[in-house]
Amino acid sequence: MEQRITETLKILTEADKEACEIVKVSENEPAPLNKKRLFIESYGCQMNFSDSEIVASVMRNAGFATTSSEDEADLIFLNTCAIRDNAEQKVRNRLQHLNALKKKRPGMLIGVLGCMAERLKAKFLEEEKMVDIVTGPDAYRDLPRLVEEAETGQKGVNVFLSREETYADISPIRLNSNGVTAFISIMRGCDNMCSFCVVPYTRGRERSRDAHSIIKEALDLFRDGYREVTLLGQNVDSYKWTSADGTEHVNFAQLLEQVALVSPDLRVRFSTSHPKDITDEVLYTMKKYDNICNYIHLPAQSGNSRILQLMNRTYDREWYIQKIDRIRAILGDDCGISHDMISGFCSETEEEHQDTLTLMEYARYDYGYMFAYSERPGTPAAKKLVDDVPEDIKKRRLSEIIALQQKLSLERNQRAVGKVHKVLVEGTSKRSNEQLQGRNDQNKVVVFSKENFRKGDYAYVLVTECTAATLIGHAVELATV
Ligand code: SAH
Ligand code: SF4
Ligand code: F3S
């Protein structure tokens, strides 16, 4: 199998020389006058942002050009998230604002896409009267038809969840791109049933995308000047693709290797890893290839085994600790590790919260995404458990988790001071035009003096100082490294 994938790679590289057409469109596409304008706004996770690029491609074929201005849009899509109540609240507030806009411009259509659309389905049309189109994450191919219907005054809903759809054949249109880093969706849906999580209901069953189409997308991106790809899935370690004729089987470690082989100058990242599924094979593949970044996002959700069981995460504290130990043993202490953590899950006691803090100390995380538990209707936790930790306690525990992460991030960043890091330049620093910004292997943001470097270059940067969020330094000649 591996050989066949490598062959595909060679064939594609040959085809490349014959100048395959690659569409690269900015957010503000110069459109002929007869083209209609589409404005897309994305909420939620990277997968949603990646989906918006598929939607832009589908709509382009239906005659729409993208715009970065809602004021000139004929069609507005909100690609929504349902993960926590406040994510949905943001969308409702946004819809109120758009309602005012629509009153001024009655011909304009509004579509709600993504996870909140899937969760609420046709109810959306009753709740938010000005919404014209409701489309779930697996129905984006149907958008041109739904828009056409809406143009004749009918409301259009398609929230069908598929077992097969991966949009493998659609070339995404890169939106808001820095031209250097891009996301590639390698799978969709999720078969885990974490009791707090709405994703299995909004994104359906897990399915893996054709490996060849993933490698081709990585190759196209590299050819187009991109220097980093992030392979995306809710649980990338369970990626598993079998060809229609049953002769090829590709697991995540093998896919990772094949994407790494596209070019040593193409950095490869991936997200999200599930502690129950990440294998030594993946860790050794990371070790084998310099261009697979030394960084793992390994959500824990809690440091207490009883809570992990209630969450149905299928591992306990000891298992998680063993995974951290394996990562450090195979990839070394410098491997960047980040986490997701939830405070105040159903029945969590003060001691159990302390277990989360001690796990964080043990793992010495570089970074974290931290949330207060938000009950989601229809999830196993909402049906079977009581959301009984008072809001103020959830918030206080969350602030303790965040404060500890700040301390750990600073400590981990301090270890990077005095060392030279290979940085992929992503653009000008937000702080100053005289400085550039990029990331090192461990996904840490590095800011350094501009000199003659440009976006997409690799720079060797001596880090001289840091904050909890950023490494700061100046470029050095490779010979002095
Ligand atoms: N597939 C990824 C996570 C996807 S959702 C994984 O398994 O790790 C991103 C994060 O949102 C989760 O890791 C979790 O920390 C958080 N989250 C999900 N549901 C939540 C809820 N109901 N309340 C608070 N945070 C939640
Ligand atoms: Fe949600 Fe769990 Fe699936 Fe992640 S693995 S998307 S937290 S159900
Ligand atoms: Fe949100 Fe859906 Fe992603 S619920 S976090 S946009 S998978």
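Whatever order the structure lists them in is the order used to number ligands and atoms, beginning at 1.
- Atom 1 (Fe) of ligand 3 has its closest protein heavy atom at C81 SG, 2.4 Å.
- Considering both main-chain and side-chain atoms, R376 never comes within under 3.5 Å of ligand 1 through any nitrogen or oxygen pair.
- Counting only non-hydrogen atoms, the option in D340, I342, V198 that gets closest to atom 13 (O) of ligand 1 is D340.
- A heavy-atom separation below 4.0 Å is found between R313 and ligand 2.
- Taking atom 8 (O) of ligand 1 as the reference point, the nearest protein heavy-atom neighbour is P299 CG, 3.0 Å.
- In this structure, the protein non-hydrogen atom closest to atom 3 (C) of ligand 1 is Q234 OE1, 4.0 Å.
- At under 3.5 Å, not a single nitrogen or oxygen of H274, backbone or side chain, sits near a nitrogen or oxygen of ligand 1.
- Of the protein's non-hydrogen atoms, C115 SG, 2.2 Å is the one closest to atom 2 (Fe) of ligand 3.
- In plain terms, the two heavy atoms of Y226 and S177 that are nearest each other are OH-OG, 2.9 Å.
- Scanning all protein heavy atoms for the shortest distance to atom 4 (S) of ligand 3 gives A82 N, 3.3 Å.
- The closest approach between R203 and ligand 3 falls below 4.0 Å for a heavy atom of the residue.
- Checking V199, V236, T272, N235 against atom 6 (C) of ligand 1, the nearest heavy atom belongs to T272.
- At least one heavy atom of Q234 sits under 4.0 Å from some atom of ligand 3.
- For E375, no nitrogen or oxygen atom sits less than 3.5 Å from a nitrogen or oxygen atom of ligand 1, counting backbone and side chain alike.
- Given atom 3 (Fe) of ligand 3, the protein heavy atom at minimum distance is C45 SG, 2.3 Å.
- At the shortest separation from atom 5 (S) of ligand 1 among protein heavy atoms lies I83 CD1, 3.5 Å.
- For atom 2 (Fe) of ligand 2, the closest heavy atom belonging to the protein is C194 SG, 2.3 Å.
- Close N/O approach between Q301 and ligand 1 is found [any backbone or side-chain N/O within under 3.5 Å].
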